[in-house]
Amino acid sequence: MLEVAFNSLRSRRGSVMLTLASLTISMAIVIGVEHIRAQAENSFVRTVSGVDLLVGARTSQINLLLYSVFRIGNATNNITWQSYEDITARPEVAWSIPFSLGDSHRGYRVLGTDSQYFEHFRYGDEQPLRFSDGEPFTHPLHAVIGSEVARALEYQVGQEVVLSHGIGSTSFVNHDNLPFTITGVLATTGTPVDRTVHVSLQGIEAIHLGWQNGVQVARLSPDRSDPGLTELEPTQITALLLGLESPMAVFGLQRAINNYPSEALSAILPGVALGELWQIIGTLENLLSVISILVLTASLLGLSTMLLSSLRERRRELALYRAIGARPSFILWLIELEAFAMVSIAALFGYLVVVAGVSLTQGWLSENFALVIEAWPSTPGIWLYMGGSILAGVLLTLIPATLAYFRSLGHALQSL
Amino acid sequence: MPSLKITNLQYVWPEAKVPTIDIPELQVERKDSVFLQGASGSGKSTLLGLLAGTLKATGGTLEILGTDLTSLSPRQRDRFRAEHIGIVFQQFNLIPFLTVLGNLQLAARFVNQSGQAAERRARELLESLRLDPDILDRRADRLSVGQQQRVAIARALINEPEMLLADEPTSALDSEARDLFMQLLMSVREATDCTLIFASHDGSLARYFDSSLVLSEVNRSAHKEVIGA
């Protein structure tokens, strides 16, 4: 029967190829949308982990999450160094990572932080940051770059870089009086860390000496080897990541920070905020899924229509099977087999189209949208979609197949 | 035991008022060759459908090789047809997109005959039908009509049936090809000992057969229709 089905499809190449093309495209859409959705969600929720509280100037939790963790947009306000010290000194706090944002290097954000960052920052399943080359910064004018920065700008340990004021990819104001030396390159994490240039808080302070409220009022050029650089004390930071001694203390500390008397602060639970943010994006994702399923349904109906209209031209062929001893069920299964073969081939081709498409756009996606996407989709959701599509195709084909079955039940032997 | 025995056979098409087939009695002995002459519209195709078991009689009995087809389930009739009855049509006897061998093996598969056994028998049959064995690998629609009709005989006989039904198998052939076809058909039939029922409107073919019947004389309903008209 396999041979018959194969040759029968081959003999109707034209319509079979067109139907196959339409099915392949819609399978690719379904698989692609599901793959990107799963990957986006995965890389999204992996962005930060193991952090109990995220603290910033008073704002909505999504905004705080966006500018501190995702480095999208700008902080509305800063936290004073005094508040940082107060919070860090609290007994519940096990560790704290300060974030100071606002500068950039050729479109990549610069993050001012301290050694706590390399020790306590976690992403994915509580994975620590690893160095693929070099080591953490030890001097105010040292920098550690993410893997994406290193790859895209072809930077290596030992190279000198100049930071820019502001966050555009072309800035008119460069901090060219104080170049930084790269001391380390981090291993790929699939998070915004890959696209970040990390320097110490003192480094941030050093390049802003002589600046007030974002404007350069005096051009001061401290000497690179000036020992005073290491003693610079930051006056403000942008955000603060906290790890607590006991998770039980989270809500108490959150309340305390939100009611912090001398400054308006917000403390949020990163997991909750990530979930809320994902829900907003998720609505769009669901819409895309629904559209892709509708496209697939239209294609499967097209397959069914093609098989149905082929019954007319195949009338004599089907009658002949019966004449040489085939049962009506042979005809039903023959048509089902043809449909199954076509949908399966389309699913395979669609999968390969997605793999090829993702492979080709991988670099571009990660550069422009921070989406790190694997080329080979392998989530259970993908297999479910592919299996479901094949099943739906087989079920829809029952329409022409049963029609052919009933037509072949009783007819005179005719040599038309 | 006769090869075919019909008693009060009736067939009424769904939604038809009068029966298309109404044959009180008809008997064909084993190894006989019978010429069944009938114009189109005389119920010829319907009768062949009943003999082949694709139609189920609405009344009476129809025994082939001692088996009453009217008492079999549709499934059993399909099996019976595959095992005991070979059919040759006017045209479109072969699945066009399969090779000659593919066609013969497909027919053999419905009786669970193995591919090799079918191929062996196919070669024998092609030889006795004076066909080059090379055509086994040719696609059926690449053959001439004359070749196709001869392959159709091979297809009909691949499962060694006891009865061969032919429905106007020569009407698409020119006179030369028709004579060759008839000669080969009769000699192969003799060699395989099967009963042949050959339906055609062309009375000049009757000379090849042991006996001949005129359908409108056996079929009461056709008779009535003629009278009614």
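Convention: sequence-line order gives letters A, B, ...; per-chain numbering from 1. In what follows, every heavy atom counts, from backbone to side chain, and hydrogens, waters and symmetry copies are set aside.
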Contacts with chain B made by residues 333-359 of chain A (heavy-atom distance under 4.5 Å), listed by residue number: none
Kindly say whether A:A326 contributes a backbone atom to a donor-acceptor pair with the side chain of A:R322 at under 3.5 angstrom? yes
Contact class of B:R109 relative to chain A, heavy atoms under 4.5 angstrom: side chain
Taken in chain and number order and not counting sequence neighbours, the residues that satisfy side chain to side chain contact (heavy atoms under 4.5 Å, CB included) with B:V214 are B:Q37, B:S216, B:E217
Please determine whether a side-chain nitrogen of the Lys or Arg among B:E119 and B:R123 lies less than 4.0 Å from a carboxylate oxygen of the Asp or Glu. yes
Regarding B:R81 and B:D78, does a basic nitrogen lie under 4.0 Å from an acidic carboxylate oxygen? yes
B:L51 vs B:L4 side-chain heavy atoms within contact, under 4.5 Å: yes
In short, ring pair (Phe, Tyr, Trp, His ring centres under 6.0 Å) pairs touching residues 277-296 of chain A with sequence neighbours left out are A:F44-A:W278
Checking heavy atoms, do the side chain of B:D141, its backbone, both or neither come under 4.5 Å from chain A? neither
In terms of heavy-atom pairs under 4.5 Å with chain B, the winner among A:S11, A:P328, A:S8, A:S329 is A:S8
What part of B:I95 is in contact with chain A, defined as an atom under 4.5 angstrom from a non-hydrogen atom: side chain, backbone, both or neither? both
Could you label the plane-to-plane angle of the B:F80 and B:H84 rings as parallel, tilted or perpendicular, counting under 30° as parallel and over 60° as perpendicular? tilted
Non-hydrogen atoms of chain A under 4.5 Å away: do they reach the side chain of B:L47, the backbone, both or neither? neither
Under 4.5 Å from any heavy atom of chain A, what part of B:F110 do you find: side chain, backbone, both or neither? side chain
How would you list, by chain and number, every residue that makes a side chain to side chain contact (heavy atoms under 4.5 Å, CB included) with A:S292, sequence neighbours excluded? A:I29, A:V30, A:V33
So, B:K44 and B:E168, do they make that salt bridge, N to O below 4.0 Å? yes
